[in-house]
Asker: 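A single structure is presented below for examination.
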Amino acid sequence: MPESRSSMAPDTSHRARIIDGRATAARVRAEVARQVAVLAGRHGVTPGLAVILVGADPASKIYVRNKGKQTREAGMRSFETLLPASVAQAELLDNIARLNADTAVHGILVQLPLPRQIDELAIIDALAPHKDVDGFSMINTGLLAARSSGMVPCTPLGCLLLLKEYVGALSGQRALVVGRSNLVGKPMMQLLLREHCTVTVAHSRTRDLAEECRRADILIAAIGKPGLIKGDWIRPGATVIDVGINRISVPSPDGPREKLAGDVDFDTAVHVAGAITPVPGGVGPMTIACLLKNTVIAACAQNHIDPGSLSG
Ligand code: NAD
């Protein structure tokens, strides 16, 4: 258990264990590839993942390209639908209906955010729930809250896998989730509750966020504000999972350059936390790995195969 809070200056000789999301994600992908080979060899099923990208946002394009590459590397089929930013909602819905009906497609992901003319929730809810590998639809949201089945959103699932690997038993731990979005904060809260953590959710209206943070054995930051959480907000020995991906400009001899930063001020937090995810290289790689994992689960469910039967 973490020690009680000390009001002394951080012990700079202490360095938290760095949670290596790249390594864990590589292991998850290797296991997925093994399961895909068993599915193909034993059942003649090759899982297929379809991604729909609307518009040409550079970050989304890179993300979609990586998804396609990692899908193929795991031995699955990758399908991409690229639509212009001006696309009408009806045309997007037609594409979803086509993919819902395509038996070679087991998982469908619509890259978010969508342009303004599109009702994002209507699009997400048009996905067949058993193909909704992002787990954002109304049905999967309900299943996560009230049952133990259904598709679990990839980023919170990735955070949970890291916690299980680096913390082990989560039961009874005091967890704080900062951020209450439908994509990250709320499903994260549900997953931690399922693991019997005592969960608090903080958000932009929370009074004294620092004090809330100081009580947490497990701190999940999903805010979108670079470096908001400082080292002296963290309970000594706590496990810190930084979901934030923020592009910041930093000075360099060749002029300002862009780099990625998390929601936690890593340089101060690393001297207080017991374990911490870096940004990049922490939660990020886990998201795509969990997407592949969900696609295998979806392919199994659609072919009446017990995913447990694929274990080595
Ligand atoms: P969001 O904007 O939908 O939600 C942000 C949440 O932070 C809100 O609930 C808001 O109440 C809370 N918040 C804002 N300011 C706050 C403050 N000052 N104090 C406390 N809470 C505050 O964002 P999101 O989609 O949940 O994403 C959060 C971050 O995670 C972003 O940086 C995003 O890029 C990143 N993200 C990373 C991955 C990944 O794969 N690593 C995936 C999804 C999102």
Side-chain angles (χ1 to χ4, degrees), residues 32 36 39 45-55 57 60-61 63-68 70-71 74 76-158 181-188 190-191 286-305 307:
V32 164
V36 168
L39 265 177
V45 173
T46 301
L49 173 64
V51 176
I52 301 180
L53 174 63
V54 180
D57 173 62
S60 294
K61 272 169 82 174
Y63 197 44
V64 167
R65 198 186 316 137
N66 280 340
K67 281 176 185 162
Q70 293 188 24
T71 303
M76 302 197 230
R77 297 178 71 192
S78 166
F79 305 89
E80 272 174 29
T81 304
L82 306 177
L83 297 169
S86 59
V87 72
Q89 176 149 330
E91 190 182 340
L92 182 50
L93 287 170
D94 283 348
N95 275 281
I96 291 176
R98 173 178 58 80
L99 295 169
N100 279 344
D102 186 342
T103 52
V105 172
H106 302 96
I108 310 170
L109 178 147
V110 182
Q111 184 67 39
L112 303 176
L114 291 169
R116 268 208 212 110
Q117 77 273 17
I118 310 274
D119 176 353
E120 214 161 83
L121 290 179
I123 296 301
I124 291 170
D125 287 336
L127 296 169
H130 55 283
K131 294 194 178 186
D132 167 30
V133 280
D134 248 345
F136 295 151
S137 65
M138 199 160 37
I139 295 280
N140 283 313
T141 303
L143 288 171
L144 179 61
R147 312 270 165 87
S148 60
S149 57
M151 285 290 164
V152 176
C154 304
T155 299
L157 179 59
S181 71
N182 290 337
L183 274 53
V184 189
K186 282 186 205 153
M188 189 74 244
Q190 299 286 5
L191 285 177
M286 293 299 290
T287 297
I288 298 184
C290 288
L291 176 68
L292 304 183
K293 193 176 160 65
N294 278 353
T295 306
V296 169
I297 293 170
C300 285
Q302 285 158 54
N303 288 281
H304 313 289
I305 298 165

Asker: Can you measure from NZ (Lys67) to OG (Ser78) and round to the nearest 0.5 angstrom?
Answerer: 10.5 Å
Asker: For the residue pair Asp94 and Arg98, establish whether any side-chain heavy-atom pair is separated by less than 4.5 Å.
Answerer: no
Asker: Locate the shortest heavy-atom distance separating Val133 from Gly107; write the atom from each residue and the value.
Answerer: CG1-CA, 3.8 Å
Asker: With rounding to the nearest 0.5 angstrom, report the CG to OG1 distance, Leu157 to Thr287.
Answerer: 9.5 Å
Asker: Go through the steps for Ile124 and Ser137 under the test side-chain contact (heavy atoms from CB on, under 4.5 Å), then give the verdict.
Answerer: CA-CA 5 Å; Ile124 291 170; Ser137 65; 4.0 Å; yes
Asker: Is any side-chain heavy atom of Pro129 closer than 4.5 Å to a side-chain heavy atom of Leu143?
Answerer: no
Asker: Do Lys131 and Gln302 have a side chain donor and acceptor closer than 3.5 Å?
Answerer: no
Asker: Quick one: closest heavy-atom pair of Ser181 and Val184, and the distance?
Answerer: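 Nearest heavy atoms, Ser181 then Val184: OG-N, 3.0 Å.
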Asker: Decide yes or no on side-chain contact (heavy atoms from CB on, under 4.5 Å) for Leu191 and Leu144, but give the supporting numbers first.
Answerer: CA-CA 8 Å; Leu191 285 177; Leu144 179 61; 3.9 Å; yes
Asker: Distance from Leu39 atom CG to Met76 atom CE, nearest 0.5 Å?
Answerer: 9.5 Å
Asker: Among Asp134, Asn95, Thr295, Asn100, exactly one meets side-chain contact (heavy atoms from CB on, under 4.5 Å) together with Ile108. Which residue is that?
Answerer: Asn100
Asker: With a 4.5 Å cut-off on side-chain heavy atoms, are Leu112 and Phe136 touching?
Answerer: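 Phe136 vs Leu112: side chains touch.
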Asker: Rounded to the nearest 0.5 Å, what's the gap from CD1 on Ile297 to CE on Met151? Could you check?
Answerer: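 It is 6.0 Å, given to the nearest 0.5 Å.
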Asker: With heavy-atom distances below 4.5 Å as the criterion, would you say the side chains of Val296 and Pro307 are in contact?
Answerer: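 Contact flag for Val296/Pro307 side chains = no.
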Asker: Please tabulate, for the side chains in residues 113-123, all donor-acceptor contacts under 3.5 angstrom to protein atoms that are two or more places apart in sequence or on a different chain.
Answerer:
from   : atom 1 : to     : atom 2 : distance (Å)
Gln117 : NE2    : Ala85  : O      : 2.8
Gln117 : NE2    : Val87  : O      : 2.8
Asp119 : OD1    : Leu121 : N      : 3.2
Asp119 : OD1    : Ala122 : N      : 3.3
Glu120 : OE2    : Leu114 : N      : 3.0

Asker: Considering only heavy atoms from C-beta outward, does the side chain of Leu109 approach that of Ile52 to under 4.5 Å?
Answerer: no
Asker: Provide the closest heavy-atom pair for Ala126 versus Ile96 in the form atom of the first, atom of the second, distance.
Answerer: O-CG2, 3.5 Å
Asker: Test Gln111 against Lys61 for side-chain contact (heavy atoms from CB on, under 4.5 Å), laying out the working first.
Answerer: CA-CA 9 Å; Gln111 184 67 39; Lys61 272 169 82 174; over 6 Å; no
Asker: A side-chain contact here means heavy atoms from C-beta on lying under 4.5 Å apart; do Asn294 and Cys154 qualify?
Answerer: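 Touching, per the 4.5 Å side-chain cut-off.
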Asker: To the nearest 0.5 Å, how far apart are CE in Met138 and CG in Asn140?
Answerer: 11.0 Å
Asker: Hey, are the side chains of Val105 and Arg77 touching, using non-hydrogen atoms and a 4.5 Å cut-off?
Answerer: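 The answer is no; the side chains never approach within 4.5 Å.
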Asker: One pair to check against side-chain contact (heavy atoms from CB on, under 4.5 Å): Leu183 and Thr155. What are the steps and the verdict?
Answerer: CA-CA 8 Å; Leu183 274 53; Thr155 299; over 6 Å; no
Asker: Just so I know, are the side chains of His106 and Asn303 near enough to count as touching, which here means a heavy-atom distance under 4.5 Å?
Answerer: yes
